[in-house]
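All figures in this text were calculated on a predicted structure; none of them were measured in a lab.
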Amino acid sequence: MNLEQALIQHIAEAIETLYGQPAQSVKLEHTNPDFAGDYTFVVFPLLRISRSTPEATAEAIGNHLKQHAAIVSDFNVVKGFLNLVLKTDIYADFLKSQWNNPQFGQTNLGSGKKVMVEYSSPNTNKPLHLGHVRNNLLGMSVANLYKAAGYEVVMANLVNDRGIHICKSMLAWQKFGNGETPESTGMKGDHLVGKYYVVFENALREETLPTIELAISGKWTPESDNAQTKYTAIYGQLQQATEEKQIAKLKDDIKELVRNQSSLMRETQQMLRDWEAGIPEVINLWQTMNGWVYSGFEKTYARLGVAFDQYYYESNTYKLGKDVVEEGLQKGVFYRKDDGSVWIDLREDGLDEKLVLRGDGTSVYITQDIGTADLKYQEHHVDQSIYVVGNEQDYHFKVLFLIMKKLGRPFANGMHHLSYGMVDLPSGKMKSREGTVVDADDLVQEMVDEAKAKTIELGKTEGLTETQLNQLYESLGLSALKFFILKVDPRKRMLFNPQESIDFQGDTGPFVQYTYARIQSILRSAEGLDWQSTDINTHLLPIEVETIQTLYRYPDEVNKACSDSSPAVIAQYCIDLARTFNRFYNECHIMRETDPIVKNTRLKLAHFTAHTLKHGLNLLGIQVVERM
RNA sequence: GACCUCGUAGCUCAGCUGGAUAGAGCAACUGCCUUCUAAGCAGUAGGUCACAGGUUCGAAUCCUGUCGGGGUCGCCA
């Protein structure tokens with residue numbers, strides 16, 4: 001069924017026949033649109049065997065193919081490029097067999113294999129922001145890609161529901177909250193908890209401001225000896241430092257030190273200890289406030305259209321991994337230092353020494369990740385495990401995967417960090433302390449409002465009910481947002497400009513949706529005609545062939561997107577297909593065509609395109625609309 | 001300082017497992033709706049692919065160095 005493979009086979013045979021040597025790795029490319037042909041074979045690497053000029057070699061292979069390969073109708077040679085023209089019957093046959101295939105786009109790349117995609121993994125002390133949006137959209141879409149490629153998929157969310165940051169919100173609420181609840185304030189739960197996180201940070205800043213000034217000028221006397229030692233060291237460096245960057249960093253260090261010595265932070269740390277000790281009052285407050293956050297997250301998730309098969313909570317998993325540390329010690333993978341702390345030496349692998357367990361026997365971040373990796377495997381026996389986490393954790397995952405490998409875990413090779421770039425604002429990085437974060441809920445609402453305004457302005461939605469209209473605005477707004485984010489290569493950092501907002505024209509989600517809606521309009525006007533059962537026209541126009549060729553590529557694009565974990569591949573493809581179809585739409589009037597075979601063929605092509613656009617958009621988590 | 005990563009049109013991005021004259025969209029300008037949805041289509045203009053070397057028949061793509069942006073280098077997560 002795959003043309004490319006068949007053609008490669010033919011070329012390999014041609015080379016062997018002509019030059020008496022087996023061809024190694026024959027590669028094909030799609031012919032540059034400026035030249036005639038479907039596929040291009042570059043002959044330069046063959047010159048050593050053919051002992052001839054590029055032109056003559058290409059000519060010889062071309063002739064051989066034309067005689068022996070049934071699918072090749074013609075060829076032309078430009079320098080060392082052999083452009084092969086395939087018979088148009090092939091495209092007509094493809095259209096005939098696939099135009100109404102509801103499974104088109106589903107592949108078997110991963111059939112029989114199971115993969116876990118862990119994404120979202122929020123902290124429960126504040127609402128989601130633009131950075132989380134990229135994470136969530138990527139995770140959801142990558143899970144869709146794996147499903148489309150035939151994998152069984154488990155979508156997991158590892159919720160960071162414990163720790164010092166949550167205690168900050170809790171403490172601030174306790175001190176300043178006056179018993180506020182989501183019900184009493186009408187605030188979404190995650191926003192209410194986030195509000196108290198900000199309250200905490202503000203109170204902390206107020207408390208520490210005078211001390212920080214003292215400390216920076218060298219006049220601070222910390223209460224604890226430990227802090228005194230650190231302070232003396234940093235302040236000493238500060239006095240020596242000349243470089244501006246270094247000075248700023250040392251000042252930040254001092255700031256951090258002062259903050260950690262503040263009474264507010266000490267109270268927070270005490271609260272964390274109380275939580276770990278299971279003091280009922282603290283546990284109750286923790287449960288209550290996390291409950292608020294979860295109900296808020298649920299709404300955001302639902303609106304974004306993301307979902308999970310399994311939730312893990314760090315309050316349950318944070319103690320995992322200690323027994324694995326023991327195992328690692330016995331295997332000699334880890335070693336213990338005099339103070340009792342446990343380490344792994346990764347210097348031979350180009351990394352560093354890494355702590356895996358504190359001297360007092362408590363876990364660090366990586367300890368629980370080691371344990372959780374085992375837990376995931378025990379529960380699901382996945383062949384692959386994808387972690388959708390920002391690229392600031394590249395090093396962490398490098399270390400984690402290496403440790404799992406050294407521990408001899410069979411699943412270690414299937415672990416993959418989908419490391420995505422940060423989302424920048426025109427002002428630079430988002431910083432919660434400076435209040436420059438873009439809130440996820442606000443962002444979605446703005447997009448939907450914008451979609452509504454644009455739709456009303458164009459005035460093409462007469463006859464739709466109120467409910468249908470709201471669904472339309474929701475779909476268009478989210479489509480613009482999702483497409484904007486997903487069309488960029490996940491690995492790269494990207495820029496988001498809220499001022500200019502997101503366009504609805506050009507390379508956008510609504511553009512692809514529009515193409516789909518147009519086709520639906522045509523198909524509606526063809527209702528009542530029997531266009532489905534007639535023959536396919538084999539005398540296709542160039543633009544028709546081009547559209548079919550684009551459709552033909554789709555399953556390969558799905559596989560590529562899946563193996564690259566890159567929804568951007570699908571987004572770019574959707575633009576390509578939509579643009580190609582729109583050109584066809586412009587050149588060929590479907591319903592006005594008088595020849596019934598030609599007309600019906602075009603209807604099938606339109607139907608096929610609509611199916612594929614819908615499939616692609618769905619992979620991106622975008623819903624299609626029938627009218628817009 | 002060490003390591004990782006990015007640098008393509010005014011702006012946002014494709015192209016990167018080496019192949020032909022480096023592509024889209026936005027912004028600017030010009031056309032196309034008595035015909036299936038103009039959220040569309042066609043066209044004009046816009047490039048030392050950061051810079052310098054190297055490998056190769058061939059480099060935006062691979063290697064080295066320089067410059068610039070970002071990240072990491074916690075017994076934080």
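Using cut-offs of 30° and 60° for the angle between ring planes, the A/H132 and A/H129 rings count as tilted. A perpendicular orientation is assigned to the rings of A/W286 and A/W275, their planes being inclined by more than 60° (bins at 30° and 60°).
Regarding contacts with the backbone of B/rA42, a side-chain N or O of A/R583 is found under 4.0 angstrom from either OP1 or OP2. Between A/R518 and B/rC41, a side-chain N or O to OP1/OP2 separation shorter than 4.0 Å is absent. When the side-chain nitrogen and oxygen atoms of A/N582 are compared with OP1 and OP2 of B/rC41, one or more of them lie within a distance under 4.0 Å. Within the structure, a side-chain polar atom (N or O) of A/Y585 is placed less than 4.0 Å from OP1 or OP2 of B/rA38. For the pair A/K492 and B/rG7, the criterion of a side-chain N or O lying under 4.0 Å from OP1 or OP2 is met.
A straight line from CE of A/M494 to P of B/rG70 spans 18 Å, rounded to a whole angstrom. Rounded to a whole Å, the CD1 atom of A/I543 is 12 Å from the C1' atom of B/rA42. In this structure, A/R579 atom CZ and B/rC26 atom P are separated by 9 Å, rounded to whole Å. What separates NE2 of A/H417 from C1' of B/rU72 is a distance of 12 Å, to the nearest Å. Here B/rC3 presents its P atom at 24 Å from CZ of A/F397, a figure rounded to the nearest Å. One can place OH of A/Y420 at 14 Å from C1' of B/rG71, the figure rounded to the nearest angstrom. One interatomic measurement links the two molecules: CG of A/L495 to P of B/rG70, which rounds to 13 Å at whole-angstrom precision. Following rounding to the nearest Å, A/Q393 (CD) and B/rU5 (P) show an atom-to-atom distance of 17 Å.
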(request) Take A/E201 and A/R259, measure what salt bridge (charged side-chain N to carboxylate O under 4.0 Å, His left out) needs, and give me the verdict at the end. (result) CA-CA 10 Å; A/E201 288 295 336; A/R259 288 163 63 92; 2.9 Å; yes
(message) Working note: A/D489 + A/R491, criterion salt bridge (charged side-chain N to carboxylate O under 4.0 Å, His left out); need CA distance, chi angles, decisive distance, verdict.
(response) CA-CA 6 Å; A/D489 184 336; A/R491 288 170 283 273; 3.5 Å; yes
(message) side-chain contact (heavy atoms from CB on, under 4.5 Å), that's the test. Do A/I61 and A/T57 meet it? Break it down for me.
(response) CA-CA 6 Å; A/I61 297 170; A/T57 308; 4.1 Å; yes
(message) Go through it in stages, so that I can follow the logic: the residues are A/L28 and A/E4, the test is side-chain contact (heavy atoms from CB on, under 4.5 Å), and I'd like the CA-CA distance, side-chain angles, deciding distance and then a yes or no.
(response) CA-CA 7 Å; A/L28 275 186; A/E4 206 168 317; 3.9 Å; yes
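When each of B/rG71, B/rC75, B/rA14 is scored by its nearest atom to the side-chain atoms of A/D489, the top-ranked nucleotide is B/rA14. Taking the side chain of A/R627 as heavy atoms from C-beta on, and the options B/rU37, B/rC41, B/rC36, the nearest nucleotide is B/rU37. Relative to the side chain of A/Y395, the nucleotides B/rC13, B/rU72, B/rG40 differ in distance, and B/rU72 lies closest. Ranking B/rG70, B/rA77, B/rU37 by closeness to the A/Y365 side chain, first place goes to B/rA77. In the set B/rU37, B/rC26, B/rA77, the nucleotide with an atom closest to the side chain of A/E314 is B/rA77. The A/S341 side chain lies nearest to B/rC75 when the options are B/rC75, B/rC41, B/rA77.
Taking atom C1' on both nucleotides, B/rC33 is separated from B/rA28 by 23 Å, rounded to a whole Å. B/rC6 and B/rG58 are spaced 26 Å apart, taking the P atom of each and rounding to whole Å. Rounded to whole Å, the separation between the P atoms of B/rA59 and B/rU21 comes to 11 Å. Rounded to the nearest Å, the gap between the P atom of B/rU8 and that of B/rC51 is 10 Å. Here, B/rC49 and B/rC11 have their P atoms 16 Å apart, quoted to the whole Å. Here, B/rU30 and B/rA45 have their P atoms 15 Å apart, quoted to the whole Å. For the C1' atom pair drawn from B/rG47 and B/rC3, the interatomic distance equals 33 Å after rounding to whole Å. Taking the C1' atom of each, B/rG54 and B/rU12 are spaced 33 Å apart, rounded to whole Å.
Among the heavy atoms of the strands, none lies under 4.0 Å from A/T515. Across all strands shown, A/M628 has heavy atoms under 4.0 Å from base atoms, whether or not it also approaches the sugar-phosphate. Among the heavy atoms of the strands lying under 4.0 Å from A/L458 is at least one base atom, whether or not backbone atoms are also near. At the heavy-atom level, A/D339 lies under 4.0 Å from base atoms of the strands shown. The residue A/L476 sits close to a base: some heavy atom pair falls under 4.0 Å. In this structure, A/Q513 reaches neither bases nor backbone, as no heavy-atom distance under 4.0 Å exists between it and the strands shown. Looking at heavy-atom distances under 4.0 Å, A/F511 makes contact with sugar-phosphate atoms alone, never a base. Residue contacts shown for A/E593 are absent, as no nucleic acid heavy atom lies under 4.0 Å away.
For A/S224 (side chain) and A/A227 (main-chain N/O), a donor-acceptor pair under 3.5 Å exists by modelled atom type. For A/Q572 (side chain) and A/K487 (main-chain N/O), a donor-acceptor pair under 3.5 Å exists by modelled atom type.
Environment of CG in A/D530: crowded, with over 12 heavy atoms of neighbouring residues, nucleotides or ligands closer than 6.0 Å.
Classification of B/rC49 as anti follows from a glycosidic angle more than 90° from 0.
Helical stems of RNA chain B (runs of at least 3 Watson-Crick or G-U pairs, donor-acceptor distances under 3.5 Å) are listed by first residue: B:1-7 with B:67-73, B:10-13 with B:23-26, B:28-32 with B:40-44, B:50-54 with B:62-66.
Under the rule for a salt bridge (Lys or Arg N to Asp or Glu O under 4.0 Å), A/R134 has no partner lying at least two apart in sequence or in another chain.
Checking A/F584 against A/A451, the closest nucleotide of RNA chain B that is more toward the 5' end is the one next to A/F584. Comparing A/H589 and A/Q505 by the nucleotide of RNA chain B whose heavy atom lies nearest to each, the residue mapping closer to the 5' end is A/H589.
Under 4.0 Å is where a charged nitrogen must lie from a carboxylate oxygen, and between A/K337 and A/D339 no such pair does.
The base of B/rC11 is not paired with the side chain of A/N497 by any donor and acceptor separated by under 3.5 Å.
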Could you run down the sub-3.5 Å N/O contacts of the protein with nucleotides 18-20 of chain B?
residue	atom	partner	partner atom	Å
B/rA20	N6	A/T40	OG1	2.8
B/rA20	N6	A/N83	OD1	2.9
B/rA20	N1	A/N83	OD1	3.3
B/rA20	N1	A/N83	ND2	3.3

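Less than 6.0 angstrom separates the ring centroid of A/F496 from the ring centroid of A/F484.
Checked by atom type, the side-chain pair A/D38/A/T31 shows no donor-acceptor distance below 3.5 Å.
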